[in-house]
Amino acid sequence: MNLDALQTFDKSILLAFNGGENIFLDSFVLTLTSAYTWIPLYASLLYLVIKNNENWQKIMLIIGTVALGLFIVNGTNLGIVKPLIARARPLNSPDLQGIVVSVNHYVADGYSFFSSHTANAFVLAVFFSLLVRDRIFSILMIVWSIIVSLTRPYLGVHYPSDVLVGMIFGSSVAVLIYFLYLRMYIRFSDKLHYISTKYTRTGYSFANIDVVICVLILSFIYAAFRAVLSI
């Protein structure tokens, strides 16, 4: 399959995802793609970290590791990849004018390749999945990151290939920073595994994990409620 065929395939998937014809879904997606919607989730993840690490050295190590991951993603993407590739967003592409629908006049600045929204979501989802090691928590975090990613082609601001590369890059950075975290963690503690019915094997309380899960679910309910009110 040559490059032209890949681009055609990319555009066809974009057009299949692109919204603008369903008032409920448009509003739902606009709420999900907003970073403000997920502030409670970020706060609950911080709560999880603080409650399950006994000193500020360990807490700040996790916070610093996450910040490093986000810096790598955004520094690489915004500082190098996007200016170098300079791919126009679908809504701004001359050959897609009048074809790709703008949902409620939503626009995004800058270039399209690759999706920082997606990469950032996957950094958080994959890193915390590795950190916490709870199956349900991990599944829900990955599902959350995928849904956030899919809002971008729906809104016409990213091609599916932008999202796919964002997923791969974000996940790769998450794995990298997790192993850097482990190398630093053993300087503070030699206890990496726990055996308990109340904690995961990395020492995270199931009760505290449930708080994060509840916040995540309530955030989706909030987005759905806002969408209903928009009808």
### Message
I want to check something: taking the side chain as every heavy atom from C-beta on, are Leu14 and Leu96 in contact at a cut-off of under 4.5 Å?
### Response
yes
### Task
Looking only at non-hydrogen atoms, find the nearest pair between Leu130 and Ala174 and report the distance.
CD1-O, 4.5 Å
### Rounded distance [0.5 Å steps], CD1 in Ile13 versus OG1 in Thr8
11.0 Å
### Query
After noting the C-alpha distance and the side-chain angles of Val107 and Val157, does the key distance pass the side chain to side chain contact (heavy atoms under 4.5 Å, CB included) rule?
CA-CA 7 Å; Val107 293; Val157 295; 5.9 Å; no
### Task
Report whether Val163 and Val101 are members of the same hydrophobic cluster (ILVMFWY, side-chain heavy atoms less than 4.5 Å apart, transitive linking).
no
#### Entry: Ser93 side chain to Pro90 backbone, donor-acceptor under 3.5 Å
no
### Task
Find out if a path of hydrophobic residues (ILVMFWY) with successive side-chain heavy-atom gaps under 4.5 Å connects Phe71 to Met184.
no
### Query
Can you find a pair of side-chain heavy atoms, one from Tyr204 and one from Leu131, that are under 4.5 Å apart?
yes
### Query
Got a donor-acceptor contact below 3.5 angstrom from the Thr65 side chain to the Tyr181 backbone?
no
### Message
Please check this pair: side chain of Asn53 against backbone of Asn55, looking for a donor-acceptor N/O pair closer than 3.5 Å.
### Response
no
### Query
What distance do Leu176 atom CG and Ile72 atom CD1 have between them, rounded to the nearest 0.5 Å?
5.5 Å
### Query
Do Ile142 and Leu140 belong to the same hydrophobic cluster, where Ile, Leu, Val, Met, Phe, Trp and Tyr are linked whenever their side-chain heavy atoms lie under 4.5 Å apart, directly or via other members?
yes
### Euclidean distance, Leu84 CG relative to Thr76 OG1, rounded to 0.5 Å
12.0 Å
### Query
Less than 4.5 Å apart, any side-chain heavy atom of Leu32 and any of Ile147?
yes
### Message
Checking Asp10 now: which residues fulfil salt bridge (charged side-chain N to carboxylate O under 4.0 Å, His left out) with it, not counting sequence neighbours?
### Response
Arg87
### Query
Do you know which two heavy atoms are closest between Ala227 and Phe28, and how far apart they sit?
CB-N, 3.7 Å
### Message
Let me check something: do Ile39 and Val49 share a hydrophobic cluster, defined by ILVMFWY side-chain heavy atoms less than 4.5 Å apart, either directly or through other members?
### Response
no
### Pairwise distance CG(Leu70) to CG(Asn74) - rounded to 0.5 angstrom
6.5 Å
### Note, Leu45 side chain near Met141 side chain (heavy atom, < 4.5 Å)
yes
### CG on Asn77 to CD1 on Ile85, rounded to 0.5 Å
10.0 Å
### Message
Looking at Ile136, I'd like to know if its CD1 atom is crowded, meaning that more than 12 non-hydrogen atoms belonging to other residues, nucleotides or ligands lie closer than 6.0 Å.
### Response
no
### Query
CD1 of Ile23: more than 12 outside heavy atoms within 6.0 angstrom?
no
### Query
Does the side chain of Leu68 reach to within under 4.5 Å of the side chain of Val173, using non-hydrogen atoms?
no
### Query
Is it true that a side-chain atom of Thr151 and a backbone atom of Val148 form a donor plus acceptor pair closer than 3.5 Å?
yes
### Query
Between Leu124 and Phe128, is a side chain to side chain contact (heavy atoms under 4.5 Å, CB included) present by the stated rule, with each step listed?
CA-CA 6 Å; Leu124 292 175; Phe128 276 98; 4.2 Å; yes
### Message
Within this structure, what is the CG-CG distance for the pair Leu61 and Leu182, rounded to the nearest 0.5 Å?
### Response
9.5 Å
### Message
Applying side-chain hydrogen bond (donor to acceptor under 3.5 Å, both in side chains), can you list everything that pairs with Ser145, at least two apart in sequence or on another chain?
### Response
none
### Query
Hey, are the side chains of Ser230 and Phe225 touching, using non-hydrogen atoms and a 4.5 Å cut-off?
no
### Distance-only side-chain donor-acceptor flag, Asp26 / Tyr106, under 3.5 Å
no
### Task
Might you work through the side chain to side chain contact (heavy atoms under 4.5 Å, CB included) test for Ile63 and Leu46, ending with a clear yes or no?
CA-CA 8 Å; Ile63 294 173; Leu46 179 60; 3.7 Å; yes
### Task
Please indicate whether Tyr111 has more than 12 foreign heavy atoms, meaning atoms of other residues, nucleotides or ligands, lying under 6.0 Å from its OH.
no
### Task
Run the numbers on Phe169 and Phe114 for ring-ring contact (aromatic ring centres under 6.0 Å, His included), then give the verdict.
CA-CA 9 Å; Phe169 189 73; Phe114 54 89; 5.2 Å; yes
### Message
With a 4.5 Å cut-off on side-chain heavy atoms, are Phe127 and Ile62 touching?
### Response
yes
### Query
Are Ile177 and Ile168 connected in the hydrophobic side-chain network, where two residues link if heavy atoms are under 4.5 Å apart?
no
### Query
So with a 6.0 Å cut-off around OH of Tyr42, is the heavy-atom count from everything else above 12?
yes
### Query
Counting only heavy atoms not in Phe24, do more than 12 sit closer than 6.0 Å to its CZ atom?
yes
### Message
Using a 6.0 Å cut-off, check whether atom CD of Glu21 has over 12 heavy atoms from anything other than its own residue.
### Response
no
### Query
Tell me the salt bridge (charged side-chain N to carboxylate O under 4.0 Å, His left out) pairs involving residues 114-136, sequence neighbours left out?
none
Sequence neighbours excluded and cut-off under 3.5 Å, please list the side-chain donor-acceptor pairs for residues 205-224, or say none.
| residue | atom | partner | partner atom | Å |
| --- | --- | --- | --- | --- |
| Ser205 | OG | Ala207 | N | 3.2 |
| Ser205 | OG | Asn208 | N | 3.4 |
| Asn208 | OD1 | Asn52 | ND2 | 3.0 |
| Asn208 | ND2 | Tyr47 | OH | 3.4 |
| Ser219 | OG | Val215 | O | 2.8 |
| Tyr222 | OH | Arg226 | NH1 | 3.2 |

#### Entry: Test salt bridge (charged side-chain N to carboxylate O under 4.0 Å, His left out) applied to Arg89 - qualifying residues, sequence neighbours left out
none
### Query
What pairs meet the salt bridge (charged side-chain N to carboxylate O under 4.0 Å, His left out) rule with one or both residues in residues 94-109, with sequence neighbours excluded?
Lys11-Asp95
#### Entry: Taking every non-hydrogen atom, the tightest pair across Ser116 and Leu78
OG-CD2, 3.9 Å
### Query
Between Thr33 and Arg152, does a side chain to side chain donor-acceptor pair (under 3.5 Å) hold up when you go through it step by step?
CA-CA 7 Å; Thr33 207; Arg152 309 311 285 168; 2.7 Å; yes
### Message
Which heavy atom of Pro153 sits nearest to which heavy atom of Ser149, and what is that distance?
### Response
CD-O, 3.3 Å
### Message
How close do Leu155 and Asn18 get, counting heavy atoms only, and between which atoms?
### Response
C-ND2, 4.0 Å
### Query
What's the shortest heavy-atom distance between Ala88 and Ser112, and which atoms?
O-CB, 3.6 Å
### Message
Test side chain to side chain contact (heavy atoms under 4.5 Å, CB included) on Trp144 and Trp38; report intermediate values, then the result.
### Response
CA-CA 10 Å; Trp144 164 74; Trp38 306 110; 3.3 Å; yes
